[in-house]
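These notes are about the structure you will find just below.
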Amino acid sequence: MEKAGVINAIAFDKTGTLTEGKPKVSEITPFTTTEQELLSIVYTLEEYSTHPIAKTIVHYAKEHGIPLKIGEAFKNITGKGVQASIDGEIYYGGNLKLFEDIHADLNHHVKASVKKMQGEGKTVIIIGTESEITGIISVADTIRTTTAKALEGLKRTGVKQLVMLTGDNEGTAKMIAKDTNVNRYFSELLPEDKVDAIKQLQNEGNKVAMVGDGINDAPALATSDLGIAMGGAGTDTAMETADIVLMADNLEKLPHTVKLSRKALTIIKQNIWFSLLIKLVALTLIIPEWLTLWMAVLSDTGAAVIVILNALRLLKIKD
Ligand code: AMP
């Protein structure tokens, strides 16, 4: 509570914290093949990945009876995507960064489609080989209904900086930042970059809390001054590392926690100073022999009662 009472910046992981973390397939755009074939390739690529995007695509493919191809040499490329060998060719599925890394031929048409979807706040998965882009699929995650209200409450409580951390591209991040009430965002972050973002906020003189749900978030939760994990959707690692676990993933309780902690901290300080002062006065009165027994009892027991009554004011603080 002491830590929560001095927080003035809160960093939120986007996926699963500000958003539901359950993205849905939104658009399918094949370039050099049919929609069915594109889905079959991406289904095969994503089958072994545990990333929420992969789960969404696999679920969609299964639901639509898309056949699975025979894939080999599956590889996860953290923060970028996946790769596998299908029919003797290495296919990739992931973001622009991944395709730039492999020096794929991203023509004007592909880049324009990606930009358009990102501008709509969607996450784009490019599918293709080094020599050819097969198509793109976009997925969209919905913002939790409680997010905007909770963040508004935090601003009212006096938390100055509400920051979103995301591995998404700039376009998607900007769009979601606008809808969620955050006043700053860091985009295109790899898991290790989240730790640097927290350190940057701390170096700017802030006491930083971090709210996250995934394994990727554990280092950032540990680096922050106060780690807060999502209880329902959160991974065990995130919950182990955090100082606070929000049960039922309810961000709405966060403003209350900060408010209560701030008030508790103020009352603790008031009580300490009051107790010290009373004892000092009593001690001073001993010297001229003015302190009577009753005064001594009152300065001790009476002070204890006042301190307790002062602390009871915390019970009046409602959501
Ligand atoms: P993350 O930091 O894990 O959220 O990943 C950052 C970005 O990498 C995502 O927004 C995607 O663009 C991309 N990415 C990561 N894993 C995958 C995957 N399995 N399939 C497609 N894209 C992925």
Side-chain angles (χ1 to χ4, degrees), residues 13-16 18-19 21 23-33 35 37-39 41-58 60-61 71 74-86 89-141 164-179 184-194 196-197 214 216:
D13 172 50
K14 191 209 85 184
T15 314
L18 296 177
T19 67
K24 293 199 176 62
V25 171
S26 162
E27 267 179 86
I28 303 161
T29 315
F31 292 132
T32 59
T33 181
E35 187 173 310
E37 180 67 7
L38 176 66
L39 280 168
I41 294 170
V42 72
Y43 176 21
T44 313
L45 278 171
E46 300 282 15
E47 217 218 337
Y48 290 103
S49 170
T50 53
H51 197 279
I53 294 177
K55 285 187 184 159
T56 306
I57 291 175
V58 169
Y60 184 89
F74 291 92
K75 217 168 123 189
N76 221 3
I77 309 155
T78 312
K80 291 177 189 165
V82 284
Q83 74 172 72
S85 169
I86 302 171
E89 229 181 326
I90 299 179
Y91 274 87
Y92 297 84
N95 55 18
L96 264 180
K97 231 189 278 175
L98 171 63
F99 280 81
E100 279 162 7
D101 284 357
I102 60 165
H103 306 292
D105 179 26
L106 292 161
N107 61 41
H108 174 71
H109 185 47
V110 174
K111 280 187 177 161
S113 305
V114 170
K115 269 253 147 56
K116 181 184 153 278
M117 290 181 190
Q118 285 178 345
E120 292 161 3
K122 293 169 184 163
T123 303
V124 182
I125 299 106
I126 308 171
I127 300 115
T129 63
E130 278 178 24
S131 56
E132 185 183 83
I133 304 297
T134 319
I136 52 181
I137 290 181
S138 71
V139 298
D141 196 358
M164 178 174 87
L165 308 184
T166 175
D168 276 346
N169 61 83
E170 167 80 21
T172 315
K174 194 171 174 180
M175 181 82 186
I176 295 174
K178 209 173 83 200
D179 290 345
R184 192 169 168 189
Y185 64 86
F186 291 80
S187 61
E188 293 178 33
L189 298 177
L190 295 174
E192 58 270 27
D193 296 334
K194 289 186 186 171
D196 293 335
N216 284 348

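What you see below is based on every heavy atom in this structure, not just the backbone, and it leaves out hydrogens, waters and symmetry mates. Throughout, residue positions are numbered sequentially from 1 according to the sequence presented.
- Summarising the geometry, atom CE belonging to Met175 is positioned 5.5 Å from atom CG belonging to Asp179; distances are rounded to the nearest 0.5 Å.
- Put simply, the side chain of Thr56 gets close to the backbone of Pro23: a donor and an acceptor are under 3.5 Å apart.
- A 4.5 Å side-chain heavy-atom check between Glu130 and Tyr92 finds at least one atom pair inside the cut-off.
- Within the 4.5 Å cutoff, no side-chain heavy atoms of Phe186 are placed close to those of Lys194.
- Of all heavy-atom pairs between Gly121 and Ile176, the closest is O-CD1, 4.1 Å.
- Residues Asp141 and Thr123 form no side-chain contact, since every pair of their non-hydrogen atoms from C-beta on lies 4.5 Å or further apart.
- Of the residues Ile57, Ile136, Leu45, the one that meets the side-chain contact (heavy atoms from CB on, under 4.5 Å) test with Ile125 is Ile57.
- In terms of heavy atoms, Ala140 sits closest to Lys122 at CB-CG, 4.0 Å.
- Two residues are said to be in side-chain contact when any heavy atoms from C-beta on lie closer than 4.5 Å; Asn169 and Val124 fail this criterion.
- Minimum interatomic distance between Met164 and Ala173 (heavy atoms only, all atoms of both residues): CE-O, 3.3 Å.
- Side chain of Asp193 to main chain of Leu190: a donor-acceptor pair is present (N/O by atom type, distance under 3.5 Å, no hydrogens or angles).
- Between the Thr129 side chain and the Tyr91 main chain, no donor and acceptor come within less than 3.5 Å of each other.
- Thr29 places a side-chain heavy atom less than 4.5 Å from the side chain of Met117.
- One finds the OG atom of Ser113 at 9.0 Å from the NE2 atom of His108 (value rounded to the nearest 0.5 Å).
- Here the CD1 atom belonging to Ile137 is positioned 9.5 Å from the CD1 atom belonging to Ile41, to the nearest 0.5 angstrom.
- The minimum heavy-atom distance between Ala104 and Ile133, with the atom names listed, is CB-CD1, 4.3 Å.
- Around atom NZ of Lys174, no more than 12 heavy atoms belonging to other residues, nucleotides or ligands sit under 6.0 Å away.
- For the residue pair Ile126 and Phe99, the shortest heavy atom distance occurs at O-CE1, 3.2 Å.
- Panel note: side chain Lys97, backbone Glu188; a donor-acceptor pair is recorded below 3.5 Å.
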Problem - Residue pair Leu38, Phe31: steps toward the side chain to side chain contact (heavy atoms under 4.5 Å, CB included) verdict - result: CA-CA 9 Å; Leu38 176 66; Phe31 292 132; over 6 Å; no
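- Minimum interatomic distance between Leu189 and Leu165 (heavy atoms only, all atoms of both residues): CD1-CB, 3.8 Å.
- Not one N or O on the side chain of Asp105 forms a donor-acceptor pair closer than 3.5 Å with the backbone of Glu132.
- A heavy-atom distance below 4.5 Å is not found between the side chains of Ser187 and Asp168.
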Practice task
Evaluate the side chain to side chain contact (heavy atoms under 4.5 Å, CB included) criterion for residues Tyr185 and Glu170: first the C-alpha distance (whole Å), next the side-chain angles of each, then the deciding distance (0.1 Å), finally the verdict.
Solution key: CA-CA 9 Å; Tyr185 64 86; Glu170 167 80 21; 2.7 Å; yes
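- Atom NZ in Lys80 sits 8.0 Å away from atom CG in Asn95 (nearest 0.5 Å).
- Under the 4.5 Å side-chain criterion, counting only non-hydrogen atoms from C-beta, Tyr48 is not in contact with Val82.
- Between atom CD of residue Glu37 and atom OG1 of residue Thr32 there is a gap of 9.0 Å, rounded to the nearest 0.5 Å.
- In this structure, Ser138 contributes its side chain and Ser26 its backbone to no donor-acceptor pair below 3.5 Å.
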